[in-house]
Every structure is written in structure tokens, then in C-alpha cells.
Protein chains: 2
Amino acid sequence: MPRRVDTEQQRTDIAHAVWRLAARAGLEAVSLREVAAEAGVSMGRVQHYFRTKEEMLLHGLRLALGRMEDRISGRLRHRSSADAEDVLRSALEEMVGGDQDTRQAIRVCVAFYPRALEDPHVADLLFGDDDVLHALAADVVRAAQADHRAAPELDPDQEARVLWSVVNHLGTEVAFHRLPPDQARATLRYHLDRVLGPRPDTAPA
Amino acid sequence: MPRRVDTEQQRTDIAHAVWRLAARAGLEAVSLREVAAEAGVSMGRVQHYFRTKEEMLLHGLRLALGRMEDRISGRLRHRSSADAEDVLRSALEEMVGGDQDTRQAIRVCVAFYPRALEDPHVADLLFGDDDVLHALAADVVRAAQADHRAAPELDPDQEARVLWSVVNHLGTEVAFHRLPPDQARATLRYHLDRVLGPRPDTAPA
DNA sequence: GTTCTTACGATGCGATCGCATTGCCACGGG
DNA sequence: CCCGTGGCAATGCGATCGCATCGTAAGAAC
């Protein structure tokens, strides 16, 4: 086996170019030639690492999603201990945060939305984590109720859905420059405080 | 002036084909030839009514948005009198409703999102009405507070932003088959009742 | 009827698309 | 040392893209 190269790094570099193009101007802007130019490599190289355009696009999407998850868990690693609410708040703050990577990742996701209609593989990637986030949010509401912080008449499932919607849409508005990040964060915190009661301070982030 | 034809109708027919294609598979699926085929007309006809593809796309988007507005005001015409809350609720219920046209219109809007980043004309069309909706929602919250239905400590502006996010994202989830319409409506009503207090019955829709 | 203008259908052009093919070149194993 | 294979760059192909051009059929105006 001669002439070995860091294959995974090359794939990631190219996928990153896909990601930037898609975030900048949608999937229409993503062609093999454009990706090659953006990544500063030849078109042959792109084709060497991805047999089809579809495969390349999917890898780009995976990269974007993976980056977001990494940044969320990165937020948690700065804490000594994390309960469910910490995890939830970290995820939410990350999504509405002004982080450039996250914004771009969200735009990439939106760009893939139409594809999710006809391609279940894309749909899985895009929406695969929604259920666990929903369950987590509902659990946090229940926990707050048990602590007598949240009103007992709240429906945890509905509140989870509302919260998920708020975060998703605020994140999208930030990503598309329709809302400044700090305003989005303010709205998110306002809503969380109204639902869960103000955060009992266990060392703020 | 010879050979007159219902020009506006022709334009609308073609724009409707644009709309269906974009709703089905995103802007990538919209080419002059595809539009002509979908509309059942020749490509020459399409070019006769729209000098550029861009112009055609914009007209398609305008059509989609206009249809939604028409359906919202259609809901209001069935009522004897409409106060601000009626208007708001009509708009919101329409957006999360299962209406096939509305779903498609929302998908078209999402398909245009990436373009809004670089084309301010598209951005105006897509987001031009957001401010009035936001103001309306905030007013309704204030009115509910004046009626002692909503809690006085609510921040009407923040609640309006939360509400707008909830509706937008629920509508998107319905449009992309990620949530059944009645569940979205249930969540919307749950949230409205929590914020405004239950609707005092002035003849339900 | 002639004329003029609108309303197209048909066709062609250059660019770009995704993809397949070809071949060189750098290395590691024998 | 030299084969052989992995890692590319280069090029070509057929399809499709948006758009421009050209021809013509169908009516109003006279």
C-alpha cells in the first residue's frame, strides 16, 4: 500500500468547502467545480474522495451537524457536573448563540430541508436528534415541577414542543441575520425563566 | 392592438407551476424547461411572460405569499366582527393548519431562504410582514393584560417573539410532514391559553 | 384586404453540469 | 531496483442549463 495520505482529513477539507458554499448561498451554489475551487483543490481530487455529488453533500451535512454537537458538548465540558437542565440550556444557548460556525451549520440545515422531503436519509440526519432533545426538555420541565419551581399545571410535553420551536426558530432568525444573537438569547432566557422559574444558581456559565 | 390574451392569468398559471415545483423539491428543481412542462406549455411561452428566470421565481414567491394572505383574510371574512385577537388567531391557526396550499407555500418560503441572504428583494418579500405580525401579537398581549386575563408581569414584546417563533416553527414542521396538523394546533392553543388565558368565547371559529 | 402588432413555437448557442476515462507520478513492499 | 498500487490531474462526454433569435399565426385597426 503505497503513497498513503490522511484520507479522512482530505474528505473533511472538501466537506468543509461544501459546507461553506451551502451556508453562503444554498445547495444551488454547490457544484463539483465550485467545491473544488472553494477547497483549493482539483476537481479530480473531489471525485476521488466522493464517488457522487450526493455522497459529497451528505458528508457536508454530517460535518455541519457534527460540528454543532461538538460545540454543545464542549460547553458542557467546562462544567464540573452537569444535570439535565445544564445539558438542555447548553444546547439551547448554542443554537441561538451568535457563533459563526453554528450559524453556518443552521443555514446548511435549512438548505437541505427540501431534500429531506424526498430523501429519507437526509431527513434522518436532519431530524434524527429531535426526539431526544424533546424528551430531554420534557424531563427538565418535570424535574422543575418536582422542585416546585415550575407550575404544576404545565404539560411537559407541550412545553417541550413550544421550547423546541422557540429555539429552532430563534436560531434560524439569528442564522439568517434577522435577529441579533443577544436579543435571541434574551428571548430564550425570558421564556425559560417563565416556564422553569429563574435558574437557581449552580455557577452560571 | 391585436391578439389580446388574459396576460395576468397566463403569468399566474406559470407562476403556479413554479410554486408547485419549488414546494415539491426546492429551487434546484425549478428550471425553465421543468416549469414549462409542469405548466403544460411551451418553453417559449414561459420566456414570453418572464424575461428572466429570476423574475419568474420572484413572481412564484409572490404568488405563494399572496395565497397565504388571502386564506388568512378569508378566515376573517366568515366572522361578523374581528378584533385584534381574532386576526392574530386566524393568522396563527392558518400557519399551523393542515391546509395543502399553506403547507406548500411554507415550503416555497423555506426554499427561498438561502436566496434571501444575498438578495434583499427576496428578503423583503419573505420577511416584510413579520414586523406587523409581531406588533399585532404584542398588542394582543397588552390587551389581554388590560382585561386582566394575562399576567401583568408578562413582557408583551418578548411574548410576541416567542409566539412568532412557535407559530413559524410549528408551521414549518407541519409543512415538512414532521408533525400532524392537529398536534401543531393543539400545541399552539395550549401556548396561547397559557399566555393569554383561555379564549373568552365570542363565537369560536 | 392590407398592415401591424401581439403571442407565441421552434431552434440554436455557449456555458456548465455530473460523471467516466485515462494516464502519470510518487511512493512502499518484494 | 522495480514493480504495483493508491493518489491524484486532465480531459472528454452527453445532458441540461438560461437565454437569444427567428419565424409565424392570429387577430384588431384602417
Side-chain angles (χ1 to χ4, degrees), chain A residues 1-22 24-62 108 111-112 114-115 118-119 121-122, chain B residues 1-22 24-62 108 111-112 114-115 118-119 121-122:
Chain A
M1 264 196 207
R3 182 78 144 98
R4 298 305 319 221
V5 161
D6 188 342
T7 301
E8 216 41 56
Q9 184 58 45
Q10 301 269 22
R11 286 173 65 93
T12 301
D13 286 348
I14 295 171
H16 198 272
V18 172
W19 176 45
R20 272 174 289 157
L21 285 173
R24 193 180 309 148
L27 291 192
E28 290 176 281
V30 182
S31 71
L32 295 186
R33 289 160 230 267
E34 277 293 320
V35 169
E38 175 75 24
V41 302
S42 77
M43 197 177 138
R45 183 118 121 215
V46 175
Q47 288 196 90
H48 179 70
Y49 286 102
F50 300 99
R51 291 180 310 150
T52 66
K53 182 186 182 182
E54 164 114 354
E55 191 185 322
M56 182 186 76
L57 288 174
L58 285 179
H59 200 80
L61 178 56
R62 263 191 294 268
V108 172
F112 273 94
R115 292 219 164 196
E118 295 190 311
D119 185 338
H121 201 323
V122 171
Chain B
M1 268 192 204
R3 181 78 145 101
R4 299 305 320 214
V5 161
D6 187 343
T7 301
E8 217 41 56
Q9 184 58 45
Q10 302 269 21
R11 284 173 68 92
T12 301
D13 285 350
I14 295 171
H16 198 272
V18 172
W19 177 46
R20 272 173 288 159
L21 285 174
R24 193 181 308 148
L27 289 193
E28 291 177 280
V30 182
S31 71
L32 295 186
R33 289 159 230 268
E34 277 294 321
V35 169
E38 175 75 23
V41 303
S42 76
M43 198 178 139
R45 183 118 120 215
V46 175
Q47 288 197 91
H48 179 70
Y49 285 103
F50 300 100
R51 291 180 312 150
T52 67
K53 184 188 182 181
E54 164 116 352
E55 190 183 324
M56 181 185 76
L57 287 175
L58 285 179
H59 200 80
L61 178 57
R62 263 192 293 268
V108 171
F112 273 94
R115 292 217 163 197
E118 296 191 310
D119 186 339
H121 200 325
V122 170

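Reminder, nothing fancy here: chain letters follow the sequence lines and each chain counts from 1.
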Atom-to-atom span, CZ of Arg45(B) to P of dC8(C) - whole angstrom: 5 Å
Atom pair CD1/CD of Ile14(B) and Gln9(B) - distance to nearest 0.5 Å: 10.5 Å
d(CZ, Arg11(B); P, dC8(C)) in whole Å: 13 Å
For atom CE of Met43(B) and atom P of dC22(D), their distance in whole Å: 17 Å
Neighbours of DNA chain D within residues 52-62 of chain B, by heavy-atom distance under 4.0 Å: Thr52(B), Lys53(B)
Gap between atom CG of Leu27(A) and atom CG of Leu61(A) - 0.5 Å precision: 9.0 Å
Side-chain N or O of Gln10(B) closer than 4.0 Å to phosphate OP1/OP2 of dC8(C): yes
Distance below 4.0 Å between Tyr49(A) side-chain N/O and dC8(D) OP1 or OP2: yes
Under 4.0 angstrom between His48(B) side-chain N/O and dA7(C) OP1 or OP2: yes
Rounded distance in Å - CD1 (Ile14(B)) to C1' (dC8(C)): 11 Å
Under-4.0 Å side-chain N/O to phosphate OP1/OP2 contact, Arg51(A) with dC19(C): no
Under 3.5 Å: donor-acceptor pair, side chain of Arg11(B), backbone of Tyr49(B): yes
Pairing of Glu118(B) and Arg24(A) as salt bridge, 4.0 angstrom limit: no
Minimum-distance nucleotide (side-chain atoms of Ser31(B) versus dC17(D), dC19(C), dA7(C)): dC17(D)
Approximate separation, where rounding is to 0.5 Å, of Leu32(A) CG and Met43(A) CE: 5.0 Å
Touch class at under 4.0 angstrom, heavy-atom based, for Val30(A) against every strand present: sugar-phosphate
Side chain to side chain, Val46(B) and Arg33(B), heavy atoms closer than 4.5 Å: no
Rounded interatomic separation in angstrom, taking CZ from Phe50(A) and P from dG7(D): 14 Å
Any Val18(B) side-chain heavy atom under 4.5 Å of His59(B) side chain: no
Gln47(A) CD to dT22(C) P, straight-line distance once rounded to whole Å: 14 Å
Length of the line joining Leu27(A):CG and dC17(C):P, which is rounded to integer Å: 14 Å
Separation of dA7(C) P from Gln9(B) CD (nearest whole Å): 15 Å
Touch class at under 4.0 angstrom, heavy-atom based, for Val35(A) against every strand present: nothing
Under 3.5 Å donor-acceptor pair, Arg33(A) side-chain atoms to dG18(C) base atoms: yes
